[in-house]
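First up is the structure itself, then whatever we jot down about it.
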Protein chains: 2
Amino acid sequence: MLGLLSFGEELSGYDLKKWANWSLRFFYWAPSYSQIYGELRKLEDLGFAVSRVVNKDDIRGKRLYRITPAGEEAVARWAAEAPVEPAVLKHGVMLRMWLGHASDPAMLRSMLEQHRDESEKMRVRAAADVEGSEHEPGWAFPTMVLRWSERYYADERDRAETMLAELDDAVRKQRRARRRGGAKRSSEELRQRRA
Amino acid sequence: MLGLLSFGEELSGYDLKKWANWSLRFFYWAPSYSQIYGELRKLEDLGFAVSRVVNKDDIRGKRLYRITPAGEEAVARWAAEAPVEPAVLKHGVMLRMWLGHASDPAMLRSMLEQHRDESEKMRVRAAADVEGSEHEPGWAFPTMVLRWSERYYADERDRAETMLAELDDAVRKQRRARRRGGAKRSSEELRQRRA
DNA sequence: CCGCGACTATTTCGTTTAGAAATAGTCCAG
DNA sequence: CTGGACTATTTCTAAACGAAATAGTCGCGG
């Protein structure tokens, strides 16, 4: 949240949600409203942001948040000090491929094709975003990350393509193994090796 | 959980945790104990798995779970029917690059180098796992996914390398923009475009 | 043979995050 | 002047995380 606010704009929780959805979608999460509004309250308590009620005598006035100097300091500190954990990838398609023995091969194929096509669509979207931000002053870093995202999806598409080419072979191998009743034995073996 | 059990072994919650950590680490999550043990209880309630207490008069006996025919059916149903959501990538390094304006360029550089090196390490680990499972009968699908993972980390390494080459340029651009006080104005503009 | 460290195994608990829906005001087109 | 789309915030439940507590087992070195 502070990172988003560190661009200097005054934003509402709703703005933050929209902006996060749009700009972080390629490499980060889309925080829920409950999280955003909760965090904003904390930030204000900590003095890292200040809010300004825009309209309403009402209980639910629109509330714009602005980062404070203390908040900017906190972002800088975070950037310098917070440990970078390894990236987390939750890849449902690969999970299903991993459990391919439980699926119909035709289904696996069409799922992979769909994934390849989706990846290509994402690549195109990222490319369009690069176009749109490339010559914006002050957007050098976001643009660089967008370029990274475009390539990420191009790579993802290519990996799906490669796996598509390997699929028949894997299905054949799996069938052969099952005919020999090897599934249980071999997982036992692998367990040994892991230990 | 059912997917892991669908390989036919009798496993404890602890086994499941270990196995998931080991085998799904490249493309999926490492579920917590609390989640695993909770799910196992649910699976048993639903009749998708049965448990067998191995040792103990005690309250905490070791408990081995085995998938039932109903469970196998459920896995097959899941594989065929559950919608595949887009993969989620939570990439702390890219988040920091995106917020590069808030960091020291030297810090960004060393973070990227570290990420590149970590990716290469992961690639090597995945490659070793491919070696280990390649000729196992019944492991055709997991092996294929491991090959995918190896390439994933090779691609990740290469993208980090490319970004490293682009970094100086981005830093220069950002500095120029800041000198012209453009940061706030331009983000305003981009917001317009988004709308 | 005993005690100590490493590993197996499960439970507990507090926090965080997700996800969806409820609530309600605004703004514009027809 | 009204219905639909969008802005804006809150609320609630469920899921997931993460770390620690608890406790049995197993081997090995003194």
Side-chain angles (χ1 to χ4, degrees), chain A residues 1-2 4-5 9-22 24-25 28-46 49 51-66 82-83 85-90 92 95 191-192 194-195, chain B residues 1-2 4-5 9-22 24-25 28-46 49 51-66 82-83 85-90 92 95 191-192 194-195:
Chain A
M1 289 300 102
L2 270 186
L4 290 172
L5 288 171
E9 285 185 89
E10 236 188 352
L11 298 166
S12 68
Y14 187 81
D15 292 333
L16 251 355
K17 167 76 169 160
K18 250 196 329 174
W19 198 22
N21 280 355
W22 178 78
L24 307 180
R25 88 201 118 130
Y28 221 68
W29 85 140
S32 59
Y33 285 119
S34 30
Q35 209 180 347
I36 287 174
Y37 284 102
E39 293 299 328
L40 284 175
R41 228 163 299 198
K42 279 191 218 163
L43 290 180
E44 195 159 28
D45 288 347
L46 291 166
S51 74
R52 188 166 64 80
V53 173
V54 171
N55 63 347
K56 277 335 168 216
D57 25 292
D58 221 319
I59 319 143
R60 288 167 192 257
K62 175 175 175 178
R63 204 174 259 279
L64 291 180
Y65 287 84
R66 192 159 33 78
E85 292 110 55
V88 172
L89 177 62
K90 227 169 172 166
L95 180 60
R191 209 142 85 90
Q192 302 276 310
R194 281 201 304 281
Chain B
M1 289 300 101
L2 269 185
L4 290 172
L5 288 172
E9 285 184 88
E10 238 188 352
L11 298 166
S12 68
Y14 188 81
D15 293 332
L16 251 355
K17 167 74 170 161
K18 250 197 327 175
W19 198 22
N21 280 356
W22 179 77
L24 307 180
R25 88 199 119 131
Y28 221 68
W29 86 140
S32 59
Y33 286 119
S34 29
Q35 209 180 345
I36 287 174
Y37 285 100
E39 292 301 327
L40 283 174
R41 229 163 299 199
K42 280 192 217 162
L43 289 180
E44 195 159 29
D45 287 348
L46 291 166
S51 73
R52 187 165 66 79
V53 172
V54 170
N55 63 347
K56 280 326 171 237
D57 23 295
D58 220 321
I59 318 141
R60 289 167 190 255
K62 175 173 173 178
R63 204 174 259 279
L64 291 179
Y65 287 84
R66 193 159 31 78
E85 292 110 55
V88 171
L89 177 62
K90 228 170 172 166
L95 179 60
R191 210 143 85 90
Q192 302 277 309
R194 283 200 302 282

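Below, chains carry the letters A, B, ... as their sequence lines are ordered, and counting in each starts from 1. Please read all numbers here as calculations on a predicted model, not as lab measurements.
Rounded to whole angstrom, the span from the OH atom of A:Tyr37 across to the P atom of D:dT9 amounts to 4 Å. One can place CZ of B:Arg52 at 12 Å from P of C:dA9, the figure rounded to the nearest angstrom. Here D:dT9 presents its C1' atom at 16 Å from CG of A:Leu11, a figure rounded to the nearest Å. Between B:Asn21 atom CG and C:dT8 atom C1' the separation is 14 Å, expressed in whole Å. With rounding to whole Å, A:Glu39 atom CD is found 8 Å from C:dT16 atom P. Between B:Tyr33 atom OH and D:dC17 atom P the separation is 14 Å, expressed in whole Å. Atom CG of A:Asp15 is separated from atom P of D:dT9 by 8 Å (rounded to the nearest Å). Nucleotide C:dG14 holds its P atom 19 Å from the CD atom of B:Gln35, rounded to whole Å.
When distances run from any side-chain atom of B:Lys18 to the nucleotides D:dT7, C:dA20, C:dT8, the shortest one goes to C:dT8. The B:Arg41 side chain lies nearest to C:dT11 when the options are C:dT11, D:dC17, C:dT10. Taking the side chain of A:Tyr14 as heavy atoms from C-beta on, and the options D:dA15, C:dT8, D:dT9, the nearest nucleotide is D:dT9. Nearest to the side chain of B:Ser34, among C:dA18, C:dC13, D:dT9, sits C:dC13.
Minimum heavy-atom separation, A:Leu64 to A:Ser12: CD2-N, 3.5 Å. Closest approach of B:Pro31 and B:Lys17 over heavy atoms only: O-NZ, 2.9 Å.
In this structure the side chain of A:Tyr65 never reaches within 4.5 angstrom of the side chain of A:Glu10, judged on heavy atoms.
Residues meeting the side-chain contact (heavy atoms from CB on, under 4.5 Å) test with A:Ser32, sequence neighbours left out: A:Ser34, A:Gln35. A:Arg41 meets the salt bridge (charged side-chain N to carboxylate O under 4.0 Å, His left out) test with no other residue; sequence neighbours excluded.
Between B:Ser12 and C:dT10 there is a side-chain polar atom (N or O) within less than 4.0 angstrom of OP1 or OP2. Under 4.0 angstrom from either OP1 or OP2 of D:dA16 there lies no side-chain N or O belonging to B:Trp29.
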